[in-house]
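Have a look at the structure below before the remarks.
Chain A is the first sequence line, chain B the second, and so forth, proteins listed ahead of strands; every chain is numbered from 1.
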Amino acid sequence: MATGPGSGTTNAEPWGSFDDNLIQGRSAVIDMENLDDTSGSSFEDVGEMHQRMREEEEVTAEAAEAEEGDDGEFLGMKGLKGQLGRQVADEVWQAGKRQASRAFSLYGNIDILRPYFDVEPAQVRSRLLESMFPIRMINYPQKIAGELYGPLMLVFTLVAILLHGMKTSGTVIREGTLMGTAIGTCFGYWLGVSSFIYFLAYLVNAQVTMLQMLSLLGYGLFGPCVVLLVTYNVHFHSLFYLLWLLVGGLSTLRMVAVLLSRTVGRTPRLLLCGSLALLHMSFLFYLHFSYHRILEGLLDSLEGPNLAPIQRVPRDVPEMALNSTLLGPGLLATH
Amino acid sequence: MAAEEEASRPFAGLSDVSISEDIPVEGDISVPVGPSRTDEEFSTLDEPVKETILRDLRAVGNKFIHVLYPRRSSALLRDWDLWGPLLLCVTLALLLQDGTADSDLEGGPQFAEVFVVVWFGSIIITLNSKLLGGTLSFFQSLCVLGYCILPLTVAMVVCRVVLLAAPGTVSFVVRLVVVTASFGWSTFASTAFLSDSQPANRRALVVYPVFLFYFVIGWMVLTYFPVKNRQP
């Protein structure tokens, strides 16, 4: 922050405007030193300035040492050359270390994420339960907790449940791994849909930040987790439809209600909440049906060792046709 | 100057030692611990390879025993090493190979899957426990989580033996029991080491991802089924 010496003039800008020197009639040259450039106060630049100060101290200390080393006559000529070589190597090492530690201290600092993990188990539990109950008050912006522990754990739980579903349904992934697909699906949904809804919210000027959106959608995955846990193990289509509408619907309604409370105007509300509802419900639908195959194959495998259970059975095998006719058209529609 | 004089007064008695001031003092002042450490380092370079390997193996074996009988001891934490987790991970990955489908493309990804699950899972759990206010260092947590996979590896060996011996529903029940027991053992062992470093009210938050991690590994062990008739 620059104030010229003894300048009692009122400055239009806090950084000591260009007019300083002109007013006092000294010179027309703008003294760059007095300008507080906003780019110099950003996160990286402050770190850089700090590092540069430390480096200068170190360099002067090394220079002092180097001088003393070179002056030592009792080392002799050979000692002098060896000392020089060592000095160069030392300086290269120091420079490299400085660069690495600077980068690490700026970007590898885990404390950036620390405030988002500051939760108690009771809070997580209450937020999980709250995510299932739609709120009534939509005229007043509802508070969204900005934490990442709950959402992250829910996404990992969904990954585990999906893995379980994929294994029992006998999915064969050709170009990749089961684990990779499960992680990609769940994280892709969480991050991708959050970003998309945040973008839409930005367009319609809704009051929600990226962190809040991540948190909201993350907790909104609690319903689908419960539904999938039940329906991957108990294979009744009617049960799935019921749970899909009930549990999935409740969690979607909760998210929609919170977003409604933060949006103004009919069309923006329709756009935002409609797209979120559509995406969330169809994600749950997709997760159930894409990894839902005949369970009989697995049961057969428990009796007979020669039957490889986790295998795609081709459609024209007679057992397959028998099973599909028994289970009804609903399953055929998903192939 | 007065302060300097005052400071030098306690050392006034030492000025009587006969070192003349114009001779530069040479030599290196070494702390007593120093030379013996360097001696030790030099001597481990000269020892036979067998001794080096055996020393590391003994350390790993000692930690295995600590995992099998989990007590609240700090042996795993004090001298952490990642040999044990690496050995266990490789063993588990090798045992889990050729476990599922008919295509021979599955052999590769299965190995990589286990590696990725174990190491990235451990890294994420470690980061999580650090963010929640844990006092363990990064590699100590990795060490504990890796060593506690031992019960699940033992369960994998048992499962493979059971599948060779008696396939069928009975074997499924036996495998289920064995895997559940070893999964519980792993979770219990790792919480015995990790929970001391966490603030008391957040232990549940740290234990849950550990539970999930071992659950996924246990699930991979349980659903392993060797395919006997593979077409070349």
Original post:
Should A:Met153 and B:Asn128 be marked as a side-chain contact (heavy atoms from CB on, under 4.5 Å) after you check the CA-CA gap, both sets of side-chain angles, and the distance that decides it?
Top reply: CA-CA 10 Å; A:Met153 287 306 131; B:Asn128 176 57; 4.2 Å; yes

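- Of all heavy-atom pairs between A:Phe117 and B:Arg202, the closest is O-NH1, 4.1 Å.
- Proximity to chain B (any heavy atom under 4.5 Å) is shown, for A:Val159, by neither the backbone nor the side chain.
- Note that CZ of B:Phe120 is 9.5 Å distant from CD1 of A:Ile183, once rounded to the nearest 0.5 Å.
- Only the side chain of B:Ile124 has a heavy atom closer than 4.5 Å to any heavy atom of chain A.
- Note that NE2 of A:His164 is 10.5 Å distant from OG1 of B:Thr223, once rounded to the nearest 0.5 Å.
- With a 4.5 angstrom heavy-atom cutoff, A:Tyr116 does not touch chain B via any of its atoms.
- When all heavy atoms of B:Val216 and A:Leu163 are compared, the closest pair comes out as CG1-CD2, 3.9 Å.
- B:Tyr208 contributes atom OH, which lies 8.0 Å from atom OH of A:Tyr149 (distance to the nearest 0.5 angstrom).
- Atom OH of A:Tyr286 is surrounded by 12 or fewer heavy atoms from other residues, nucleotides or ligands within 6.0 Å.
- More than 12 non-hydrogen atoms from other residues, nucleotides or ligands lie less than 6.0 angstrom from CZ of B:Phe115.
- Note that CG of B:Leu131 and CZ of A:Arg114 are 6.0 Å apart. Values are rounded to the nearest 0.5 Å.
- Proximity to chain A (any heavy atom under 4.5 Å) is restricted, for B:Leu212, to the side chain, taken from C-beta onward.
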